[in-house]
*Asks:* 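Below: one structure in C-alpha cells.
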Amino acid sequence: MPEWTLNVNPAELRVLVSGFQSWSEAELRPLQDTQAVPLMRWRHEQGHDPGFLPSGQAGVWRSHTVLALVRPDGSGWVGGAGDATQTFVGWEARASGDQVTVTCTLEGPEVPVLWEETSDVTATLEAQAVRLGRAMHARTPAPLRVWCSWYSYYRAVTLDAMLDNARRARDLGLPFEVFQLDDGFQADLGDWTEPSAHFGGHARDLPGPLGDLGFTPGLWLAPFLAAPSSRLFAEHPDWMLRGEDGQPLPVGHNWGGAYYALDTTHPEVLAWLRDLAATVRGWGYTYLKLDFLYGAALPGVRHNPQVGRAQAYRQGLQALRDGAGQDAFLLGCGAPLAQSIGLVDAMRTGPDVAPFWDEESRRVWLGDATGPSARNALHTALSRWYQHPWYQPDPDVAICRRELSLLSHEEREAVAGMLDVIGGLRASSDPIALLDDEGLALLRRCLTISTPDRPAALTQSFGGAVTHFSRGTFNLADMRLGGLAAHSYRKGHHG
Ligand code: 9PG
C-alpha cells in the first residue's frame, strides 16, 4: 500500500474528492472538515462503495481513482490511477498534527498509481484524466440532446405521453436528437420484455413512430437489478449476488422495497445480459440509459470467487455492449465512474436533478447528499469538471418549466449555467406543453452545445464544491457570498 507523508499544515489545504459512482458526492472542501457518511446503512450501497466508505471523520477524506490537495496558491498534489478496468484505486488523505498522510489502496490487479506534486493542481488533474482516458480507450462522442421521461412523468409514463411530447418537439423544431423512455414501461425490475399495466402499450411499439418523427429512440434499463417480486428472480434465484449468509444480497431500497443484483461472474447471467441488450436493440433502441449499474460492483459472494468485483462489473458491462452493438450509444448511470471508461459513451456525473433546490433533512441530518436535488446535482457534477476525457459527461436535466417546480429563477439559471460549464450531454424532461415562450427560450439555451469550461480557482469555493469557473461563478451556499445571491450563477463573474 503506497503511502506518502507531507510536511504541510493541514489547515492550509483544500481536498478534492470524486466519489465512487455517479450519485456519490464529489467535493472541494477544507481538509479539516468532516467527510459525511450516510447515517442510514442502506444508503451505503446505494450511494457509495460499502468496501471503501467516506470516512465520517474530520480531517480524513476518501476518494476513488483521483484525489487532490490544494495549497492557497493553487499548487499541491494530485493522485490518480493508470488503469481502472479491473481495479478499484482508493485514496485517503489524513490530517494529523502538522502533517498529512496519503495512502492508496488497490483492490484488484496491480496497476500504476500516479502521485504528483504540482504548481498547478487544475492542469495536473486534467492531464492525468486525459492519460487515464487514453489508457482505457475512452469513447468521447459529440454531445447529444435528449428528452427523457423521468423528471416529469416518473414511473407513471405512458406511450401516449412519449409520442405527444415527441410530436410537440418536432412541431416546435426543438433540437433533440434522442427521445428516451425511462423507468415505468416494464412489468417489474428484471422483467423488461413485459409491459407495465399503466404504460398503455409495449416498449417495442415506440421506436417506429419516434423514428418517423425524426428522433433516435432511447430506453432506460437497470439491467443488473432484480426485484424480489420479478419473474427473473423467481426463475433464477441462483443468478443473484449473495451475502456472506448465502442469501441474495439487498443492494438498495427503491420501488417500494429492497432489490437484488445479478452476479455477473455467472456465465448464464452474461448470456442473459447480452440477449437483453440485443433484444431491445432489435426493437429499435440504439440509445440505452443503463442505470443502477453499481449493483454488479458491490462486495459480495460470487459464483466465481476468482473474479474481483471491479472485473465482475466490467464483464457485465461488456456483455451489454456486446449485445447492444459497437454503434449503440450507452449512457451509464449509478455507475462506478472510472471502471466504465471505454465501454460507455456517456456517464451521469452527479445525483439526479429535481424540481427543488435542496432536501436539507436528508443531506444535513442524515449525512446523505446523494439524493435527488438541484443543489446535489450541481455540487457533484461541477466538482467532476475534468472527467470529459473519460466519456461524455451527463450532469442531468435542465428544468425550464415554472409549473410543477419549486425552483426559483436564479436556481433554474444555476442549472443552465452548470450545463454550459460542463459542456456535455444535454437533457430535458419538461412536458413540452407546459413551456411558454420564456420556458422554451431557456430550453433552447440549455440545448446549446458548449465546450467544457475550466475552473478559475480551486482555492475558493462558494459551497463546498468547485464553483469558480473561467466563464462565471456559482454560489451553492444558502447565503449571499462574494456579491452573488444564494443558489445562483453569474456569467462573467470572478470572485
Ligand atoms: C428511474 C430513475 C431515473 C434517474 C436515475 C435513477 O438513491 N436513490 O434512491 C435513487 C433513486 C432513483 C434514482 C437515483 C437514486 O434515479 O438517476 O435518472 O432514471 O433512476 O428510477
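If you read the sequence from its start, that first residue is 1, and numbering goes on from there. Ligands are counted one by one from 1 in listed order, and the atoms in each one are counted from 1 as well.
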*Asks:* Which residue and atom name correspond to the protein heavy atom nearest atom 11 (C) of ligand 1, and how close is it?
*Replies:*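 Looking at atom 11 (C) of ligand 1, the protein heavy atom closest to it is N254 ND2, 3.4 Å.
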
*Asks:* Got R412 and V415 here, is their nearest side-chain heavy-atom distance under 4.5 Å?
*Replies:* no

*Asks:* Checking a contact table here: which protein heavy atom is nearest atom 8 (N) of ligand 1, and how many Å away?
*Replies:* Q46 NE2, 2.9 Å

*Asks:* Should R43 be listed as contacting ligand 1, given a heavy-atom distance under 4.0 Å as the test?
*Replies:* yes

*Asks:* Does C333 have a heavy atom less than 4.0 Å from any atom of ligand 1?
*Replies:* yes

*Asks:* Give a yes/no on ligand 1: does F292 have at least one heavy atom closer than 4.0 angstrom to it?
*Replies:*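 It does, in that a heavy atom of F292 comes within the 4.0 Å cut-off of ligand 1.
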
*Asks:* Answer with side chain, backbone, both or neither: which part of P372 has a heavy atom less than 4.0 angstrom from an atom of ligand 1?
*Replies:* neither

*Asks:* Check T370 against ligand 1 and report side chain, backbone, both or neither, counting heavy atoms closer than 4.0 Å.
*Replies:*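 Under 4.0 Å from ligand 1, T370 contributes no heavy atoms.
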
*Asks:* Could you find the nearest protein heavy atom to atom 20 (O) of ligand 1 and give me its residue, atom name and distance?
*Replies:* D291 OD2, 2.9 Å

*Asks:* Is it true that R401 and E403 have a side-chain N and a carboxylate O under 4.0 angstrom from each other?
*Replies:*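 Salt bridge flag = no for E403 with R401.
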
*Asks:* Give me each pair satisfying ring pair (Phe, Tyr, Trp, His ring centres under 6.0 Å) with a member in residues 331-382, each pair once, sequence neighbours excluded.
*Replies:*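 For residues 331-382, and leaving out neighbouring residues, the ring pair (Phe, Tyr, Trp, His ring centres under 6.0 Å) pairs sorted by first residue read W357-H487.
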
*Asks:* How far is atom 21 (O) of ligand 1 from the closest protein heavy atom, and which atom is that?
*Replies:*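 For this ligand atom, the closest protein heavy atom is D183 OD2, 2.8 Å.
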
*Asks:* Students should be able to answer this: which protein heavy-atom is nearest to atom 17 (O) of ligand 1, and at what distance?
*Replies:* D352 OD1, 2.5 Å

*Asks:* Taking 4.0 Å as the limit for heavy-atom contacts, which would you say applies to R348 with ligand 1: side chain only, backbone only, both, or neither?
*Replies:* side chain

*Asks:* Run the numbers on W220 and W192 for ring pair (Phe, Tyr, Trp, His ring centres under 6.0 Å), then give the verdict.
*Replies:* CA-CA 10 Å; W220 175 92; W192 305 106; 5.7 Å; yes

*Asks:* Suppose the criterion is salt bridge (charged side-chain N to carboxylate O under 4.0 Å, His left out): which pairs have a residue in residues 34-44, not counting sequence neighbours?
*Replies:* R41-E45, R43-D368

*Asks:* Going by the angle between their ring planes, with limits at 30° and 60°, are H64 and F20 parallel, tilted or perpendicular?
*Replies:* tilted

*Asks:* Angle class for the F469/F474 ring planes (parallel below 30°, perpendicular above 60°, tilted otherwise)?
*Replies:* perpendicular

